[in-house]
Amino acid sequence: MISTTRRGNYAPRQDKIQPILIDAVCTLPVPPLPAGRTWTDREQQRWQELWTSSAANLWAEDVVGIVAVYVVLESQFLNGRISAGVLGEFRQIAEQLALTPASRIRLNIRIREAGE
């Protein structure tokens, strides 16, 4: 028989955790691309897209290197030059940067709607 007696201080949460609301666009200045390689036009464009995306509202400038790695790996993926192991790293970076719908759900992040 299952006891319904409360033991200890545990009680189920009654309140809902409020989501983190972020703007649909990040208006902070876009950091410069890291030096050390020649960036293609497409990579430069993608850099701008990422740093003006909703997810960029969550990033500090200390993730510049991680975003740069993401851009390089994405470029390699689109050109068909990526191994299965590196593809796994690419997916993990996308999750860590909150670039996927699943990561935003897991992190309880919601894009602010007009008027919120």
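Note that the structure is a prediction, hence the values are computed from the model and not measured.
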Peer 1: May I have the step-by-step check of side chain to side chain contact (heavy atoms under 4.5 Å, CB included) for T100 and I105, ending in yes or no?
Peer 2: CA-CA 9 Å; T100 67; I105 290 169; over 6 Å; no

Peer 1: Compare every heavy atom of A98 with every heavy atom of S103, then report the nearest pair and how far apart it is.
Peer 2: OG-CA, 3.2 Å

Peer 1: Kindly compute the distance separating OG (S83) from CD (E89), expressed to the nearest 0.5 Å.
Peer 2: 9.5 Å

Peer 1: Answer whether the closest heavy-atom distance between the side chains of P34 and W39 falls below 4.5 Å.
Peer 2: yes

Peer 1: Apply side chain to side chain contact (heavy atoms under 4.5 Å, CB included) to W59 and V64, showing your working.
Peer 2: CA-CA 9 Å; W59 304 340; V64 165; over 6 Å; no

Peer 1: Hey, quick one: are V86 and Y70 part of the same hydrophobic cluster, counting side-chain heavy atoms closer than 4.5 Å, chains of contacts allowed?
Peer 2: yes

Peer 1: A55 and L97: which non-hydrogen atoms are nearest, and at how many Å?
Peer 2: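 For A55 versus L97, the nearest heavy atoms are CB-O, 3.6 Å.
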
Peer 1: Would you say the side chain of R46 lies within less than 4.5 Å of the side chain of E74, judging by non-hydrogen atoms?
Peer 2: yes

Peer 1: Check L21 against R112 and note the closest heavy-atom contact, atom names and distance.
Peer 2: O-NH2, 3.4 Å

Peer 1: With rounding to the nearest 0.5 Å, note down the distance linking CD in Q45 to CD in E49.
Peer 2: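 Answer for the CD-CD pair, Q45 versus E49, is 4.5 Å.
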
Peer 1: Should E95 and Q92 count as side-chain neighbours, where that means a heavy-atom distance under 4.5 Å?
Peer 2: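 Heavy-atom side-chain distance check fails, nothing below 4.5 Å.
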
Peer 1: Just how far is it from atom CZ of R81 to atom CG of N79, taken to the nearest 0.5 Å?
Peer 2: 4.5 Å

Peer 1: Would you name the heavy atoms of N57 and D23 that are closest together and state the gap between them?
Peer 2: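 The answer is ND2-O, 3.0 Å.
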
Peer 1: Could you grab the distance from atom CG of L58 to atom CG of L107, nearest 0.5 Å is fine?
Peer 2: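 Taking CG in L58 and CG in L107, the distance rounds to 8.0 Å.
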
Peer 1: If we only count heavy atoms from C-beta on, is the T52 to V30 side-chain gap below 4.5 Å?
Peer 2: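 When only atoms from C-beta onward are counted, V30 and T52 do touch, with a gap below 4.5 Å.
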
Peer 1: Would a single hydrophobic cluster contain both L87 and V72, if residues Ile, Leu, Val, Met, Phe, Trp and Tyr are joined by side-chain heavy-atom contacts under 4.5 Å?
Peer 2: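 Linked within one cluster.
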
Peer 1: Would a 4.5 Å heavy-atom cut-off, applied to side chains only, mark L73 and V71 as touching?
Peer 2: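 They are not in contact (no side-chain heavy atoms under 4.5 Å apart), so the answer is no.
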
Peer 1: Does this structure show an ion pair linking E43 with R37, if we count only N-O contacts that are shorter than 4.0 Å?
Peer 2: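 Here E43 pairs with R37 in a salt bridge, since their nearest N and O are under 4.0 Å apart.
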
Peer 1: Walk me through whether Q44 and L33 qualify under side chain to side chain contact (heavy atoms under 4.5 Å, CB included).
Peer 2: CA-CA 8 Å; Q44 292 176 40; L33 279 158; 3.5 Å; yes

Peer 1: Please check if V25 and L50 belong to a single hydrophobic cluster, counting links between Ile, Leu, Val, Met, Phe, Trp and Tyr side chain heavy atoms closer than 4.5 Å.
Peer 2: no

Peer 1: Below 4.5 Å, heavy atoms only, C-beta onward: do W47 and P31 meet side chain to side chain?
Peer 2: yes

Peer 1: How are the rings of F77 and F90 set relative to one another: parallel (under 30°), tilted (30 to 60°) or perpendicular (over 60°)?
Peer 2: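 Plane angle under 30°, so parallel.
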
Peer 1: Nearest 0.5 Å, please: how far is CD1 in I111 from CD1 in I20?
Peer 2: 13.0 Å

